[in-house]
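Notes follow once the structure below has been shown.
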2 protein chains.
Amino acid sequence: MTTHLPHPHHPDVPEEINGLRMTRQRQEVYRFLLGERSHPTANEVFMRIKEALPHVSLATVYNCLEALVQHNAIRKVNFDREPSRYCPNLAEHGHFHDETTGTIHDVKFKPGISLADVLDLPPNTVIKDVEITLRGQLT
Amino acid sequence: MTTHLPHPHHPDVPEEINGLRMTRQRQEVYRFLLGERSHPTANEVFMRIKEALPHVSLATVYNCLEALVQHNAIRKVNFDREPSRYCPNLAEHGHFHDETTGTIHDVKFKPGISLADVLDLPPNTVIKDVEITLRGQLT
DNA sequence: AATTTAAATTAGAATAGTTCTTGATCCAAT
DNA sequence: ATTGGATCAAGAACTATTCTAATTTAAATT
């Protein structure tokens, strides 16, 4: 089944991102993530965009998220084996998981610091992706 | 069903680790991990220790691994949402995932470096656990 | 040494996030 | 308008892990 909804113009979301055609569903997913700092799960995205697209399916949300990740529009973030979360912050950063509240906060690097300065990497290593996760409490 | 196997003395594995009684199953799991640098999954541990304990169950392997993690005898390591892997290296270190071969290498910090020197942590943050994952290629 | 009690183990069922399948629908280009 | 490839929807399938219930083991006590 399809939505048969009009395809309104969303001036804040372009027609295309890094070569990915922005369908109505992808727009809603992306637009919601842009306004969220809470690193929502696929299911949370699903629940939220159903308000705008009542017939959207969870599989489509997964498809949209995966497409956006593949085209470097968003990042997928994992904590242990909890449900994956999605993050529109493309700058290199880590994630602090506050165990008291369950909330997740982006953590920036101090200016001028690169991971290679810190880690004893094997020679001839090409790093394509870095993930830094911190767990603890805000007191 | 039970093994009815004798409980041989393994001089390289103590009777107790950090207050955790080392049953035969826990000994086999722990001993195998100590000799492995490949960060095996629960299933890989299971397949391997079946040679010594033919009647061991996968649930028991999960129980043993969890008990060892809880008592700080080993570490649980996650890459995205792939099956969890287990690591006997207790020193603070990261993991480099070589995408070409699929192998995982421990990565040490450069001496004298602490994460707090590198990250812009919010004030009043108590860090209980850090996980650093790198993905890339060895050329 | 027998009894009691708690912990550990096992086998299989249950769970949950994610992926897959299939058919329908949309969209761009002819 | 038609065609062909991409996208979507609904639900089934998959899989790593956890849970349940029953059994067995080990430790503590008599």
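Nearer to the 5' terminus of DNA chain D, by closest-nucleotide assignment, is the contact made by A:S57 (compared with the other of B:N78 and A:S57). Along DNA chain C, the nucleotide closest to A:A42 and the one closest to B:T60 are compared, and the more 5′ of them pairs with B:T60. Residues A:A59 and B:L20 each lie close to DNA chain C; by heavy-atom proximity, the contact nearer the 5' end of the strand is made by B:L20. Between B:R21 and A:R21, the one whose closest nucleotide on DNA chain D sits nearer the 5' end is A:R21.
Remark: P of D:dT17 and CZ of B:R85 are 10 Å apart, rounded to the nearest angstrom. A:Y62 has its OH atom 15 Å from the C1' atom of D:dG11, to the nearest Å. Spacing between atom CE of B:M47 and atom C1' of D:dA16 amounts to 15 Å, rounded to whole angstrom units. Between B:R26 atom CZ and C:dT9 atom C1' there is a gap of 10 Å when expressed in whole angstrom units. Computed from coordinates, the A:Y86 OH to C:dG17 C1' distance equals 10 Å when rounded to whole Å. Following rounding to the nearest Å, A:D80 (CG) and D:dA16 (P) show an atom-to-atom distance of 17 Å. Taking atom CZ of residue A:F46 and atom C1' of nucleotide D:dA10, one finds them 11 Å apart after rounding to whole Å. When the P atom of D:dC14 is taken as reference, atom CG of A:L58 falls 18 Å away, rounded to whole Å.
The residue A:S84 sits close only to the backbone: its heavy atoms come under 4.0 Å of sugar-phosphate atoms, none of a base. When heavy atoms are screened at a 4.0 angstrom cut-off, B:N63 is found touching base atoms of the nucleic acid.
Exactly one residue among A:D106, A:T133, A:N89 makes a side-chain hydrogen bond (donor to acceptor under 3.5 Å, both in side chains) with A:H95. That residue is A:D106.
Donor-acceptor pairing under 3.5 Å is lacking for the side chains of A:N72 and A:N18.
Residue-environment remark: CZ (A:R48) stays at or below the threshold of 12 foreign heavy atoms within 6.0 Å. Surrounding NZ of A:K108 are at most 12 heavy atoms belonging to other residues, nucleotides or ligands under 6.0 Å away.
For B:Q25, counting side-chain heavy atoms from C-beta on, the closest listed nucleotide (D:dT17, C:dG17, C:dT9) is C:dT9. Between D:dT17, C:dA7, D:dA10, one nucleotide has an atom nearer to the side chain of A:R81 than all others, and that is D:dT17.
Residues passing the side-chain hydrogen bond (donor to acceptor under 3.5 Å, both in side chains) test with A:E99: none are found, sequence neighbours excluded.
Contact between the side-chain N/O atoms of B:T23 and the OP1/OP2 oxygens of D:dT25 is not found at any separation under 4.0 Å.
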